[in-house]
Amino acid sequence: MQRYPFIFSDQFKYRFWRHFLFWLTWWGFQVFLYGFTPILAGIVPRERILNSMVEGTFYLVPHMFMAYTLMYIVIPRLVVTGKYFYGALAVVGITFLTGFISSSISKYILNDLREHMFPHWGEVLKRFRTNSLWLSLLAGLRGGITIGGMAAAIKLMKHWYLKEQRNLQLQKENTESQLQLLKAQVHPHFLFNTLNNIYSHTQGTSPLASKLVMGLGDMLRYILYECNQPMVPLEKELRLLQDYITLEKIRYGNRLDVQVDIPRDTGQLLIAPLLLLPFVENCFKHGTSHMLDQPWVSLQLTVENKIMKMKLLNGKVPGYKPPKSGNGIGITNVRKRMELIYPGRYILDIQDEEDVFIVNLKLNVEKGRALNVSPAMNLSTQDA
């Protein structure tokens, strides 16, 4: 979050300092609290504080172990994902392990260290030693449960706050996208009537042009009438890719070598609309269109257990670099959309080699049923 970088930023400098201040505050609290524990009655305040500073420093080790294990393993992998039973078991195990580490530090390090630093304490030193394993574990949890609970609470609050902000940002992006679409959208009635007229005139004179107009009409119908939904059937999104590639094959003729491997049946899987098209469009815009000899494109897409994998390759002129600015959606905007819609559920790897451009996308898609809002408009008949 840009407004509060010290709290929400993942940059190293912010993370380091907020963690450092967190543990420094906790260490100071322990030094103050346990420096005046009744077990040290009769000891001068200076030695009490010194002993508490040493203890607080060593006990930071099990406290950090418990806090970071909860924050970076249990909560993101078990609690957030809904595996509450395993999460509860993990918390119990981590609690006992923290107590064991703390009691071991007390028994094998701090007891001997106190005798070395304060040999004149005499009877007080015996109060720190216990032969009971259970009491040793309970004593070892001194402050561990408190700081572990605080760390877990902070992690959960931060997670839910960021999730809420991400949802608000997604709503804002969708609203702005719809507004821009309305501003730039040609009235569908006029558009399809015009395409119908062109299609009718080219049927007899140029069958190839008629095929191009029909393919363009199918693509526009899908974009105008179905892509305003948050999710669309993956099958229709893949059909859009095939229609687009078909139009490009007609444009290039026999010069273009295209290899396409797309599954026929994708079940009821859903995907965000127009998420894959920019990658394919980029192949032709910045790859094959600049190749004078033997342009080629290879698209392989598989779906298994709600995991969609896409591997897209295209040849390019050696050394060619696409312009940084341009019109259209662009790969940068697609990244932003995936980060908003599929946070933590996608892996995108783009490699710009000397003579080939490679896109590897792994996406965890959803399963459901989308509404069919596409109107029955056909280019083969005139719309009155």
Side-chain angles (χ1 to χ4, degrees), residues 1-15 18 71-73 75-77 79-82 154-181 223 226-234 236-238 240-241 269-283 285-286 301-303 305-312 322 324-352 357-368 370:
M1 304 299 294
Q2 296 297 327
R3 292 181 58 189
Y4 308 103
F6 182 78
I7 300 176
F8 297 105
S9 176
D10 288 330
Q11 293 185 26
F12 175 77
K13 62 177 182 179
Y14 293 116
R15 296 186 67 182
R18 67 172 174 256
M71 287 193 298
Y72 294 110
I73 297 180
I75 290 178
R77 298 186 182 182
V79 177
V80 174
T81 57
I154 293 173
K155 180 69 174 180
L156 284 172
M157 287 190 295
K158 182 179 177 181
H159 169 77
W160 295 119
Y161 177 78
L162 289 176
K163 184 178 180 179
E164 181 65 22
Q165 293 299 311
R166 188 182 296 114
N167 290 336
L168 292 176
Q169 185 177 356
L170 180 59
Q171 293 177 7
K172 181 181 178 182
E173 291 281 343
N174 287 337
T175 302
E176 292 178 353
S177 299
Q178 292 176 7
L179 180 60
Q180 293 299 324
L181 180 63
I223 293 173
E226 299 191 40
C227 289
N228 58 345
Q229 302 178 74
M231 292 290 164
V232 296
L234 178 60
K236 292 187 177 182
E237 190 75 4
L238 298 184
L240 175 68
L241 298 185
L269 296 179
L270 304 177
I271 191 174
L274 303 179
L275 199 66
L276 305 179
L277 181 61
F279 294 110
V280 178
E281 181 186 9
N282 194 65
C283 288
K285 182 178 180 181
H286 299 298
L301 195 144
T302 60
V303 179
N305 296 328
K306 296 195 295 184
I307 301 296
M308 188 203 74
K309 296 180 180 179
M310 184 184 75
K311 186 170 186 179
L312 181 62
K324 295 183 179 180
S325 61
N327 298 324
I329 298 177
I331 303 301
T332 302
N333 287 347
V334 175
R335 286 183 184 271
K336 293 180 180 179
R337 288 187 65 204
M338 286 194 292
E339 189 61 35
L340 290 170
I341 304 173
Y342 300 97
R345 296 164 52 197
Y346 79 95
I347 299 176
L348 176 61
D349 179 38
I350 298 179
Q351 303 175 33
D352 190 0
F357 194 82
I358 306 172
V359 176
N360 282 293
L361 175 62
K362 183 179 179 181
L363 185 66
N364 187 355
V365 293
E366 302 176 3
K367 189 174 183 179

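Sequence positions, counted from 1, serve as the residue numbers for this chain. Hydrogens, waters and symmetry mates are skipped; everything else that's a heavy atom, side chains included, is used.
Leu241 places a side-chain heavy atom less than 4.5 Å from the side chain of Leu277. The shortest distance between side-chain heavy atoms of Arg345 and Glu366 falls below 4.5 Å. Side-chain contact between Met71 and Ile154 is absent, with no heavy atoms from C-beta onward closer than 4.5 Å. In this structure, Leu238 and Leu276 have side chains that are in contact, with non-hydrogen atoms separated by less than 4.5 Å. Taking 4.5 Å as the limit, every side-chain heavy atom of Ile350 sits out of range of all side-chain heavy atoms of Asp352. At a threshold of 4.5 Å between non-hydrogen side-chain atoms, the residues Tyr14 and Ile7 do not count as touching. Between Arg337 and Pro273, some side-chain heavy-atom pair lies under the 4.5 Å cut-off. Side-chain contact between Val365 and Leu270: absent, with no pair of heavy atoms (C-beta onward) separated by less than 4.5 Å.
Atom CD1 of Ile358 is separated from atom NZ of Lys311 by 6.5 Å, given to the nearest 0.5 angstrom. To the nearest 0.5 angstrom, Asn167 atom CG is 10.0 Å from Gln169 atom CD. Rounded to the nearest 0.5 Å, atoms CG (Leu312) and CG (Leu361) are 10.0 Å apart. Thr302 OG1 to Met308 CE: the interatomic distance, rounded to the nearest 0.5 Å, is 8.5 Å. A distance of 5.5 Å separates CD in Glu237 from CG in Leu274, rounded to the nearest 0.5 Å. With rounding to the nearest 0.5 angstrom, the CE atom of Met338 is 11.0 Å from the CG atom of Leu340.
Across Val334 and Leu275, no two heavy atoms sit closer than the pair CG1-O, 3.7 Å. The two atoms that bring Asp10 and Arg15 nearest to each other are O-CD, 3.3 Å, heavy atoms only.
The backbone N or O of Leu348 lies less than 3.5 Å from no partner atom in the side chain of Arg335, so there is not a single donor-acceptor pair. Using modelled atom types, no side-chain atom of Tyr346 and backbone atom of Ile341 make a donor-acceptor pair closer than 3.5 Å.
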Derivation of the side chain to side chain contact (heavy atoms under 4.5 Å, CB included) call for Ile307 and Leu363:
CA-CA 6 Å; Ile307 301 296; Leu363 185 66; over 6 Å; no
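Within a 6.0 Å sphere centred on NZ of Lys158, other residues, nucleotides and ligands contribute more than 12 heavy atoms. Counted within 6.0 Å of CZ on Arg77, heavy atoms from surrounding residues, nucleotides or ligands total 12 or fewer; the atom is thus considered open.
Note on ring orientation: taking the six-membered ring where Trp is involved, the planes of Phe8 and Tyr161 are parallel (angle under 30°, cut-offs 30° and 60°).
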